[in-house]
Trainee: 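Please see the structure below; I have some questions.
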Amino acid sequence: MKLYNTLTRKLQDVTPLRDNLVRIYSCGPTVYDHAHIGNLSTYIYSDTLQRAVSMAGYSVQRAMNYTDVDDKTIRRSRERYPDADPHVALKLLTDTYIGIFIEDMQRIGNDTEHMVFIRATDPQTITGMQKLISDLHAKGFAYVADDGVYFSIDAYRKAGKTYGQLSEITAADTSKSRIQNDEYDKDSVHDFALWKTQKQGEPAWDFTLDGHSLKGRPGWHIECSVMSRQALGQPFDIHTGGVDLIFPHHENEIAQSTATEDSPVMASLFMHNEHTLVNGKKMSKSAKNFYTLTDITDKGYDPLAFRVKVLQSHYRNASNFTWESLDAAQNLLTNLRAWADLKHQPHADSQDLQQIGASYAAALKTIQTAMDDDLNTSRALGELASLANQAETHGVDRDKLQALLNIADRLFGLQLSNRPTITDTQKHLIVERQMARDAKDWARSDQLRDELKEQGINVRDTANGPLWSRL
RNA sequence: GGCGCCGUGGCGGAGUGGUUACGCAGAGGUCUGCAAAACCUUGUACACCGGUUCAAGUCCGGUCGGUGCCUCCA
C-alpha cells in the first residue's frame with residue numbers, strides 16, 4: 001500500500017514500525033461549536049485510511065484528540081455560563097460539543113469504536129504535558145517568560161535538528177512576515193507557547209517549573225505531542241490532518257516531540273488532506289457558504305450522501321461542494337441501496353452466475369488496487385457504482401453480492417451490507433399487484449403500487465418479474 | 001514577498017504518454033397497460049501559447065485564471 005508522505009513529498013510504501021501494526025494519530029476537533037462539512041470531510045478521509053489499512057491486512061491502532069481547552073473554548077464557555085466556575089463552564093461546553101461531534105461522526109458513517117479519543121484536559125494528559133515541558137526546559141529547549149513557557153526554535157536548531165521538516169520554513173520566513181510580537185514575551189518571534197499562565201477568569205491547572213509557580217493551561221501544539229505518545233508510543237506510523245495544520249501545528253509537534261530524542265522522527269508518514277471548498281471558495285461565515293451536517297440533513301439529504309460526495313474525490317485534491325453535486329451523490333447512494341436490496345429478491349438472479357462472479361472478482365481487484373494507491377476513493381467508488389448500474393441488466397449473484405457488500409462496507413462505510421428486506425405485508429402487496437396485472441385489472445394494480453409507494457417502496461416490472469427498491 | 005496546490009464535457013470527478021474512468025443530470029429512440037427500470041443513440045472535455053516525442057489531458061517552459069498556508073483554522 002502506497003501513501004503520499006508530506007515529509008518526503010513522495011508516494012511511500014506503508015511499512016509498520018512494529019510488527020504488523022499501523023498506528024495512526026489524527027488531529028481532532030476543537031470542541032467549541034458544531035463541526036462544519038470541511039472538518040467532517042477530513043475525518044471521513046482519515047476514517048477511510050483506517051479502513052484501507054485494515055483491508056490491506058494490517059492491524060490498526062488509532063487515536064484522536066479533542067482540543068477542549070484553548071482561547072475559543074474558554075471564551076465561549078464564559079459567554080454561555082458566565083456564573084459558573086471556569087472549569088465547570090469549560091466542561092459543560094466541551095461535553096456538549098463532544099457529544100454532537102460523536103453523533104456527527106456516526107451519522108456520516110465513521111467508525112468511532114476502533115479508536116481512542118483523548119481529551120487535552122484529561123488529568124493524565126495534563127500531567128504528561130507538564131512532564132514534557134519540564135523535560136524540554138531542563139534540556140534547554142524551553143524558557144519561562146512572564147506569560148508562560150515558550151519553545152526555543154534557536155535551541156532546537158543549535159542542537160542540530162531541523163525545524164521545518166514538512167514545510168521548508170526558513171528563519172527569514174518565520175520572522176519577516178509575522179505580525180509584531182509586542183504583546184508576547186517570547187525571545188524570538190517564531191517561538192511558540194508550550195504553556196500559558198492564567199488570565200483573569202480562565203480555568204487553570206497548577207504547575208511548578210524550576211521554582212516558578214505557573215498556574216495556567218497548555219498551549220495547543222503540546223497536546224498532540226503528548227497525547228499521540230501516550231496513546232501510540234513514539235515514533236508511530238501515520239499522522240493525519242488537514243493541509244492547514246502542516247504549519248505551524250505539525251511542525252511544532254515534531255519539534256517538541258523530537259527535541260530531547262535521539263531520533264528526529266515523530267511519525268513515519270504525515271498525511272494531509274486538501275480542503276473542501278464551497279462553490280469554489282473557502283468556507284466562511286461572511287460568505288454565507290458555511291455549512292454543518294444539520295444544514296445538509298435539514299434540506300432532506302442523507303448524511304451518507306455527504307460521505308459519498310467526499311469519497312467521490314481524492315483526498316489530496318480540494319473538492320468542490322455544491323448542492324448540485326450533493327444531489328448527484330444522493331442519487332448515487334439511492335442507486336447503490338437499490339442494488340444492495342436486490343440480494344433479497346430471487347427475481348434479480350442472473351442467468352449467468354459465472355460471468356457475474358467474474359465481474360465481482362475483477363471489480364474487487366480494481367477497488368483494492370485503487371485504495372492501495374494512495375487512497376484513490378474516487379476510482380474505487382466509481383468501480384462499485386459501475387457494478388451497481390449493471391446489476392439490473394445482467395442480474396446479480398445474491399450470495400456473492402452479500403460478500404461483496406460486506407467488503408464494500410468495510411472500505412466505504414456506506415452501510416449497504418446489512419439492509420433488511422421488506423415486510424411480509426409489503427411482499428404480499430407486491431404479489432397481489434402482480435395478480436391484478438395478470439388479470440389486467442390496471443386500476444387495482446395501480447392502486448397497490450401507490451399504496452406501496454406511500455410506504456416508501458418503489459416497484460418496477462422487469463422481464464423476470466417485479467423488483468422493489470426503497471425510495 | 002516566501003512556500004504550495006489547482007485549472008478535464010451541464011454539474012461533480014478519476015486519469016501510470018498511445019484503447020470508454022465513473023457518477024449525476026439532459027436530448028432522441030426501443031420496450032411497456034401506464035409508470036419505473038432497462039437497452040440503443042447522442043452531446044466536437046481536457047485554460048491559453050510554445051517545446052519534447054512516432055504519439056501529450058498526461059512530460060518541459062511560459063502566459064492567464066483560481067485557490068491555500070505563512071496569525072487561530074480540517
Side-chain angles (χ1 to χ4, degrees), chain A residues 6 9 11 26-30 32 35-46 67 70-72 164 166-170 172-181 189-190 192 220 240-249 251 272-277 280-284 308-309 311-336 338 366 370 373 376-394 437 440-443 445-446 449-450 453 458-464 466-469 471:
Chain A
T6 309
R9 302 192 185 189
L11 284 177
S26 301
C27 281
T30 301
Y32 74 108
H36 58 65
I37 59 174
N39 301 128
L40 296 177
S41 52
T42 291
Y43 303 126
I44 289 174
Y45 289 130
S46 58
T67 296
D70 80 322
D71 288 342
K72 284 181 290 200
L166 293 164
S167 50
E168 294 181 11
I169 299 296
T170 66
D173 295 334
T174 48
S175 58
K176 183 174 156 192
S177 64
R178 284 191 145 191
I179 50 168
Q180 61 280 24
N181 64 328
V189 278
H190 49 270
F192 55 91
W220 177 36
T240 76
V243 283
D244 56 295
L245 296 187
I246 295 173
F247 183 85
H249 188 50
E251 294 292 4
H272 295 100
N273 63 278
E274 268 295 334
H275 284 162
T276 296
L277 304 176
K281 306 264 180 200
K282 189 182 181 181
M283 259 182 287
S284 71
V308 169
K309 164 64 192 143
L311 294 179
Q312 274 182 318
S313 68
H314 190 265
Y315 77 94
R316 283 197 291 123
N317 285 128
S319 91
N320 192 22
F321 178 90
T322 61
W323 291 109
E324 199 178 351
S325 69
L326 193 59
D327 276 336
Q330 177 74 64
N331 289 340
L332 173 55
L333 179 63
T334 302
N335 293 343
L336 288 170
T366 302
D373 178 21
N376 194 338
T377 53
S378 178
R379 185 81 197 227
L381 189 59
E383 195 64 25
L384 193 75
S386 167
L387 213 51
N389 276 339
Q390 291 164 23
E392 284 191 33
T393 310
H394 302 301
R437 289 189 71 226
K440 297 198 191 300
D441 184 352
W442 310 127
S445 91
D446 286 355
R449 182 168 63 199
D450 289 345
K453 202 159 244 170
N458 188 46
V459 184
R460 333 185 274 294
D461 298 315
T462 72
N464 294 327
L467 292 177
W468 59 263
S469 58
L471 295 170

Trainee: Round to a whole Å and report the spacing from CG of A/N320 to P of B/rA14.
Mentor: 11 Å
Trainee: Measure from CG on A/L311 to C1' on B/rA14 and round the result to the nearest Å.
Mentor: 14 Å
Trainee: Please report, rounded to the nearest Å, how far the P atom of B/rG33 is from the CH2 atom of A/W442.
Mentor: 6 Å
Trainee: In whole Å, what is the span from the CD atom of A/E274 to the P atom of B/rG13?
Mentor: 12 Å
Trainee: For nucleotides B/rG57 and B/rU20, find the distance between their P atoms and express it as a whole number of Å.
Mentor: 14 Å
Trainee: Can you find a donor-acceptor pair, distance only, under 3.5 Å between A/R449 side chain and B/rC34 base?
Mentor: yes
Trainee: On RNA chain B, check which nucleotide each of A/K309 and A/H394 is closest to and give me the residue with the more 5' one.
Mentor: A/K309
Trainee: Calculate, to the nearest 0.5 Å, the distance between atoms CG and OG belonging to A/D461 and A/S445 respectively.
Mentor: 8.0 Å
Trainee: What is the distance, to the nearest angstrom, from the CD atom on A/E251 to the C1' atom on B/rG4?
Mentor: 13 Å
Trainee: Taking only side-chain N and O atoms of A/K453, does any of them lie within less than 4.0 angstrom of OP1 or OP2 on B/rA36?
Mentor: no
Trainee: Kindly point out which of B/rA74, B/rC69, B/rA37 is positioned nearest to the side chain of A/Y43?
Mentor: B/rA74
Trainee: Taking for each residue the nucleotide of RNA chain B bearing the nearest heavy atom, is the 5' side occupied by A/K281 or by A/T276?
Mentor: A/K281
Trainee: How far does the C1' atom of B/rU16 sit from the matching atom of B/rA21, given to the nearest Å?
Mentor: 14 Å
Trainee: Is it true that A/D373 and A/R379 have a side-chain N and a carboxylate O under 4.0 angstrom from each other?
Mentor: no
Trainee: Do the side chains of A/D446 and A/R449 get close enough for a salt bridge, i.e. N-O under 4.0 angstrom?
Mentor: yes
Trainee: Please name the residue in the list A/N273, A/D244, A/T240 that meets the side chain to side chain donor-acceptor pair (under 3.5 Å) test with A/T42.
Mentor: A/N273
Trainee: Between B/rG9 and B/rG15, how far is it from one P atom to the other, in whole Å?
Mentor: 16 Å
Trainee: Over all strands shown, is A/T462 touching base, sugar-phosphate only, or nothing at heavy-atom distances under 4.0 angstrom?
Mentor: nothing
Trainee: Just need the stems in RNA chain B: three or more back-to-back Watson-Crick or G-U pairs, each with both distances under 3.5 angstrom, sorted by first number.
Mentor: B:1-7 with B:64-70, B:10-12 with B:22-24, B:26-30 with B:38-42, B:47-51 with B:59-63
Trainee: Are any of the side-chain heavy atoms of A/V243 and A/H275 separated by less than 4.5 Å?
Mentor: yes
Trainee: Just how far, in rounded Å, is P of B/rA21 from CG of A/N317?
Mentor: 18 Å
Trainee: In whole Å, what separates the C1' atom of B/rA55 from that of B/rG4?
Mentor: 32 Å
Trainee: For atom P, what is the distance between B/rC6 and B/rA14, given to the nearest Å?
Mentor: 11 Å
Trainee: Please work out if A/N376 contacts a base, only the sugar-phosphate, or nothing of the nucleic acid, heavy-atom cut-off 4.0 Å.
Mentor: sugar-phosphate
Trainee: Between the side chains of A/T6 and A/H272, is a donor N or O closer than 3.5 angstrom to an acceptor N or O?
Mentor: yes
Trainee: P atom, B/rG2 versus B/rU63: distance in rounded Å?
Mentor: 14 Å
Trainee: Across the strands shown, which category fits A/V308 at heavy-atom distances under 4.0 angstrom: base, sugar-phosphate, nothing?
Mentor: nothing
Trainee: Is a donor on one side and an acceptor on the other found under 3.5 Å between the side chain of A/N317 and the backbone of A/S319?
Mentor: no
Trainee: Which whole number of Å gives the distance between the C1' atom of B/rG29 and that of B/rG43?
Mentor: 16 Å
Trainee: Output one line per pair: protein atom, nucleotide atom from nucleotides 28-32 of chain B, and distance, for all N/O pairs under 3.5 Å.
Mentor:
none

Trainee: Remember a base hit wins even if backbone is also touched, and classify A/F321 as base, sugar-phosphate or nothing at under 4.0 Å, heavy atoms.
Mentor: nothing
Trainee: May I ask you to say what A/D71 touches in the nucleic acid, namely base, sugar-phosphate or nothing, with a heavy-atom cut-off under 4.0 Å?
Mentor: nothing
Trainee: So, does A/T393 get its side chain near the phosphate of B/rC39, meaning an N or O under 4.0 Å from OP1 or OP2?
Mentor: yes
Trainee: What integer number of Å spans the C1' atoms of B/rG65 and B/rA47?
Mentor: 8 Å
Trainee: Roughly how many Å is it from CH2 in A/W468 to P in B/rA38, rounded to a whole number?
Mentor: 17 Å
Trainee: Just the table, please: protein N/O against nucleotides 23-25 of chain B N/O, every pair under 3.5 Å.
Mentor:
| from | atom 1 | to | atom 2 | distance (Å) |
| --- | --- | --- | --- | --- |
| B/rG23 | OP1 | A/N389 | ND2 | 2.8 |
| B/rC24 | OP1 | A/N335 | ND2 | 2.4 |
| B/rC24 | OP2 | A/N389 | ND2 | 3.4 |
| B/rC24 | O3' | A/N331 | ND2 | 3.2 |

Trainee: With a 4.5 Å cut-off on side-chain heavy atoms, are A/H249 and A/C27 touching?
Mentor: yes
Trainee: Taking any heavy-atom pair under 4.0 Å as a contact, classify A/H272: base, sugar-phosphate, or nothing.
Mentor: nothing
Trainee: To the nearest 0.5 Å, how far apart are NZ in A/K309 and CG in A/L332?
Mentor: 12.0 Å
Trainee: B/rA74, B/rA14, B/rG33: which one has an atom nearest the side-chain heavy atoms of A/S378?
Mentor: B/rA14
Trainee: Taking atom types as modelled, find out whether A/S313 and A/Y45 have a side-chain donor-acceptor pair closer than 3.5 angstrom.
Mentor: yes
Trainee: Would a 4.5 Å heavy-atom cut-off, applied to side chains only, mark A/L311 and A/I44 as touching?
Mentor: yes
Trainee: Mind calculating the distance between CG (A/D70) and P (B/rC72) to the nearest angstrom?
Mentor: 11 Å
Trainee: Find out whether A/F321 and A/L326 are in side-chain contact, i.e. whether some heavy atom of one side chain is under 4.5 Å from a heavy atom of the other.
Mentor: yes
Trainee: Within a strict 4.5 Å, meaning less than it, do heavy atoms of the A/W442 and A/R437 side chains meet?
Mentor: yes
Trainee: Is it the case that the base of B/rG33 and the side chain of A/S445 share a donor-acceptor contact (distance under 3.5 Å, atom types as modelled)?
Mentor: yes
Trainee: Within the 4.0 Å heavy-atom criterion, would you say A/S46 contacts the bases, only the backbone, or no part of the nucleic acid?
Mentor: nothing
Trainee: Report the C-alpha separation of A/V308 and A/Q330 in whole Å, then their side-chain angles, then the decisive distance to 0.1 Å, and conclude whether the side chain to side chain contact (heavy atoms under 4.5 Å, CB included) test is met.
Mentor: CA-CA 8 Å; A/V308 169; A/Q330 177 74 64; over 6 Å; no
Trainee: Contact class for A/G38 vs. all strands (heavy atom < 4.0 Å): base, sugar-phosphate, or nothing?
Mentor: base
Trainee: Quick check: closest heavy atoms across A/K453 and A/N458, and the distance to 0.1 Å?
Mentor: CE-OD1, 3.6 Å
